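Positions are given from 1 along the sequence. This one's a predicted model, so the numbers in the text were calculated from it and none came from an experiment.
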Amino acid sequence: MSTNKSNITLTGLARRFVDDGLLDEATAKDAFIQASQNRIPLITYLTQNNLADSSKLAFSAAMEFGVSVLDLSAFMPEMMPEKVVDEKLVRKHNALPLYKRGNRLFIAVSDPTNIQALDEIKFNTGLSTDAILVDDAKLREAIDKYLESQDTTMGDLDDSDLEGVETEGGEQEDDGAVVASEVDDAPIVKYVNKMLLDAIRGGASDIHFEPYEKVYRVRYRTDGILKEVSRPSIKLAPKISARVKIMAQLDISERRVPQDGRIKMKLSKTKAIDFRVNTLPTLWGEKIVLRILDPSQAKLGIDVLGYEEDQKEMYLEALKQPQGMILVTGPTGSGKTVSLYTGLNILNTPDINISTAEDPAEINLEGINQVNVNNRIGLGFAEALRAFLRQDPDVIMVGEIRDLETANIAIKAAQTGHLVLSTLHTNSAAETLTRMMNMGVPAFNIATSVSLIIAQRLGRRLCSACKQPFEVPKDVLIEEGFTQEQIDTGFTLYRPKGCDKCNGGYKGRVGIYEVVKITDELANMIMEEASSIKIAKQAQAEGFRNLRQSALMKVIEGVTSLEEANRVTKD
């Protein structure tokens, strides 16, 4: 949400930094707004963005509060108490336990106004807490070293968490036997399994194993946002990488080129989760990313995806048609696959023959004939499509239209009695049509084959347990894109707070959609090769909401916040 800087009066540390000549007034106001919106201390924001010297900021803060500054570089790490404060709290508050005297714990902080850090650490440890002011840059470096030295992630795994969990791995060739034996020890196996299990339990969509020169970190992408969850010793990097590659049936002796694989984790007799695995050689080792593929997502039903009622009816109506093309567009990670498979699941009946070509198949559904394309052996999307047309298909799904050949075959199928579903990487419905024209597809073929376009994004849902109502001036609402009619009708805006049931005020994600049906007028504009701007204006005139308008509807409904709508949609 945009904030009018002229309405802000600088006080406290922000005013002190301006008075001391460390920042000008405009920069200070901008930093104050951004730090507040990102929920991080002002000093941390200034340091991370190189807006001021961290040592000068610390000295200025010390003068403001009448305290001294401790030089962390002269502090002995062995004095720091081990495992007194949970790693999550250390990272959340950028606060480092320095030493303990009796029932008092002394905490290094760069922001002396961060009372919440002291209170929360006091509550979790049962110790009295005292703040010691330090340089922010040195503090973050010290926290990294402290957590790396703790290496708590390998020794504190609970066996009960892993009961009943099985993973399917591949057999190794002789040249991999030695490496395999090195990583087939209990701590590594247990650690990797626990990382996968925790990601599933936490609702993560991706797991990142990342080696750097001096540190190794593991991050989860939860509700679209990456967060660090573990930092094992850098010495374990080769073993962790090898273990994941064994599980994914990859060549563990090959570390020079990217590899793709798959892991199936059986949580119980009836529940299994697949992971799509990709390795990437980097400067300091192999980065491995696992995409969590939960087949149950496609079976949740269209009602939970976030479509407005009129948008849902348009999608269902298009799925009922015997022929035509439905295109789902958006960036990577915007939920295109789930939207497509939700539609396929609706169509998946014994009297319909469904075939899909994907790179790779992410969700396995019984009753659907799925093909993984493999360009190395000459099985691309175009080749798979040609084979499908000789397999008596009713419904065809193409993972992505990447080239003219694939586009032409897909359109031919849509014009000859088949329902075709596919994706493109474009930002809006109108841009999808012009992208196909730019590929070289004749405008007449596009106009007569494409029946529906769905552009989408994923936004975070506000936690229903802790979301807070707040008021915004009407002129700001108009500036953000709300109509006068919506404002006159009245609605309540909510913002995130954060509780023990959510992630920073958000829990889960919801789809934000632009659904455009190709009407006669739009078809005529396509055949005239109109620009995407003109097509978008016509779609608006015919009542089809764009992504921004759909996002604002989610804000009005209290599903998400205005800040989140601004994050995922642009005017």
Please say whether more than 12 non-hydrogen atoms of neighbouring residues, nucleotides or ligands are located less than 6.0 Å from OH in Y506. yes

List the steps and the verdict of salt bridge (charged side-chain N to carboxylate O under 4.0 Å, His left out) for E309 and K312. CA-CA 5 Å; E309 193 61 32; K312 181 181 76 171; 3.5 Å; yes

With a 4.5 Å cut-off on side-chain heavy atoms, are I225 and N503 touching? no

Taking distance alone, no hydrogens or angles, what donor-acceptor pairs closer than 3.5 Å link side-chain atoms of residues 53-61 to residues at least two apart or in another chain?
| unit_1 | atom_1 | unit_2 | atom_2 | d |
| --- | --- | --- | --- | --- |
| D53 | OD2 | S55 | N | 3.1 |
| D53 | OD2 | S55 | OG | 2.2 |
| D53 | OD2 | K56 | N | 3.0 |
| S54 | OG | D135 | OD1 | 2.8 |
| S54 | OG | D135 | OD2 | 3.2 |
| S60 | OG | D20 | OD2 | 2.6 |

Residues T125, V84; criterion side chain to side chain contact (heavy atoms under 4.5 Å, CB included); working and verdict: CA-CA 7 Å; T125 61; V84 172; 4.2 Å; yes

Nearest heavy atoms of V134 and L70, plus distance in Å: CG1-O, 3.6 Å

For F482, give me all partners under ring-ring contact (aromatic ring centres under 6.0 Å, His included), at least two apart in sequence or on another chain. F491

Taking all heavy atoms of L96 and all of I143, pick out the closest pair and write down the distance. CB-CG1, 4.0 Å

Criterion side-chain hydrogen bond (donor to acceptor under 3.5 Å, both in side chains) on N566 and R548, from CA distance to verdict: CA-CA 8 Å; N566 288 336; R548 178 63 179 174; 2.8 Å; yes

Is there side-chain contact between D198 and Y220, with heavy atoms separated by less than 4.5 Å? yes

Within the distance-only criterion (no hydrogens, no angle test), does the side chain of S334 pair as donor or acceptor with the backbone N or O of P331 below 3.5 angstrom? yes

Separation of T492 OG1 from K467 NZ (nearest 0.5 Å): 9.5 Å

Looking at side-chain heavy atoms only, is the closest gap between N103 and L127 below 4.5 Å? yes

May I ask you to check whether R217 and Y212 show a side-chain donor-acceptor distance below 3.5 Å? yes

In this structure, NZ of K122 is separated from CG of D130 (nearest 0.5 Å) by 9.5 Å

Measuring only between side-chain heavy atoms, which start at C-beta, is L493 closer than 4.5 Å to L477? yes

Any R461 side-chain heavy atom under 4.5 Å of R509 side chain: no

Using atom types as modelled and distance alone, determine if a side-chain donor or acceptor of K264 lies under 3.5 Å from a backbone N or O of I273. no

For atom NZ of K287, is the number of surrounding heavy atoms from other residues, nucleotides or ligands below 6.0 Å larger than 12? yes

Within this structure, what is the CG-OG1 distance for the pair L552 and T483, rounded to the nearest 0.5 Å? 9.0 Å

Given 3.5 Å as the limit, does a donor-acceptor pair link the side chain of T279 with the main chain of E286, or not? no

Tell me whether the count of non-hydrogen atoms from other residues, nucleotides or ligands lying under 6.0 Å of CZ in F65 goes above 12. yes

For the side chain of S550 and the backbone of I512, is there at least one donor-acceptor N/O pair under 3.5 Å apart? no

Identify the residue among L290, V277, V189, L196 that makes a side-chain contact (heavy atoms from CB on, under 4.5 Å) with M247. L196

Report yes if the side chains of Y45 and I43 come closer than 4.5 Å at any heavy-atom pair, otherwise no. no

Interatomic spacing from CE in M195 to CZ in F209 - rounded to 0.5 Å: 7.0 Å

Counting only N and O atoms by type, is there a donor-acceptor contact under 3.5 Å from the side chain of D223 to the main-chain atoms of G508? yes

Is a donor on one side and an acceptor on the other found under 3.5 Å between the side chain of Q311 and the backbone of E308? yes

Evaluation steps, side-chain hydrogen bond (donor to acceptor under 3.5 Å, both in side chains), between N94 and D136: CA-CA 9 Å; N94 204 35; D136 186 79; 3.2 Å; yes

Between the main-chain N or O of R460 and the side-chain N or O of T560, is there a donor-acceptor pair closer than 3.5 Å? yes

dist K100:NZ -> L105:CG (nearest 0.5 Å) comes out at 8.0 Å

Looking at N124 and E120, would you say the former's side chain and the latter's main chain have a donor-acceptor pair under 3.5 Å? yes

Looking only at heavy atoms, which two atoms of R545 and E514 are closest? And how far apart? O-CG, 3.2 Å

Side-chain H-bond candidate by donor/acceptor type, Q116 with H93, under 3.5 Å: no

Minimum heavy-atom separation for P232 and V218, please, with both atom names. CD-CG2, 4.3 Å

Could you give me the CA-CA distance, side-chain angles and deciding distance for D24 and T27, then say whether side-chain hydrogen bond (donor to acceptor under 3.5 Å, both in side chains) is met? CA-CA 5 Å; D24 58 54; T27 302; 2.8 Å; yes

Run Y191 and S230 through side-chain hydrogen bond (donor to acceptor under 3.5 Å, both in side chains) and show every step you take. CA-CA 10 Å; Y191 174 72; S230 178; 2.8 Å; yes

Heavy-atom closest contact (I200 atom, I292 atom, distance): N-CD1, 4.4 Å

Do E479 and D475 make a side-chain contact, defined as non-hydrogen atoms from C-beta onward lying under 4.5 Å apart? no

Heavy-atom distance under 4.5 Å between the side chains of R101 and F106, does that happen here? yes

Has Q456 got a side-chain atom pairing as donor or acceptor with G335's backbone, closer than 3.5 angstrom? yes

How many angstroms lie between atom CD of Q486 and atom CD of Q549, to the nearest 0.5 angstrom? 8.5 Å

Write down the atom of S561, the atom of R495, and the distance for their closest heavy-atom approach. CB-CA, 4.4 Å

